Amino acid sequence: MAKKKSSLADIALTKGATTTPVHPPTGGDSTGDDEKRIGQTLRLLKGAHKQLKQLALDLDKPMHDVLIEAVNDLFIKYGKPPIA
């Protein structure tokens, strides 16, 4: 049987770090099954990634939260409700 690869969370925990979810479950059961999320890959030019990372640092927010804010702003721009 092949040994399971360590996850980033496992590696972080072995170094004494703690992990917390960016978006903890809200309402419903404790597993967060009431709010299903689907992944989407976004590929950026190196300069755009660097700028996004710096913006997140400046705002003291995770990059994920900054991207969610951007998606919500896009929805609003096109007359859709901000639900991301």
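What you see is a predicted model; the values in this text were computed from it and never measured. Keep in mind that the numbers below use all heavy atoms, side chains included, and drop hydrogens, waters and symmetry copies.
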Please tabulate, for side-chain N and O atoms in residues 73-84, each donor-acceptor pair with protein atoms closer than 3.5 Å (sequence neighbours left out).
none

Hphob cluster co-occupancy, L44 + V71, side-chain heavy atoms under 4.5 angstrom: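 Different clusters: L44 never reaches V71 through Ile, Leu, Val, Met, Phe, Trp or Tyr contacts under 4.5 Å.
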Same hydrophobic cluster for L42 and M63, using side-chain heavy-atom links shorter than 4.5 Å among ILVMFWY?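 L42 clusters together with M63.
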Do any side-chain atoms of residues 51-60 form donor-acceptor pairs under 3.5 angstrom with protein atoms, and if so which ones, sequence neighbours left out?
from: Q54; atom 1: NE2; to: D58; atom 2: OD1; distance (Å): 2.8

Please list all pairs meeting salt bridge (charged side-chain N to carboxylate O under 4.0 Å, His left out) that have one or both residues in residues 41-52, counting only residues at least two apart or in different chains.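 Every pair satisfying salt bridge (charged side-chain N to carboxylate O under 4.0 Å, His left out) with a residue in residues 41-52: there are none.
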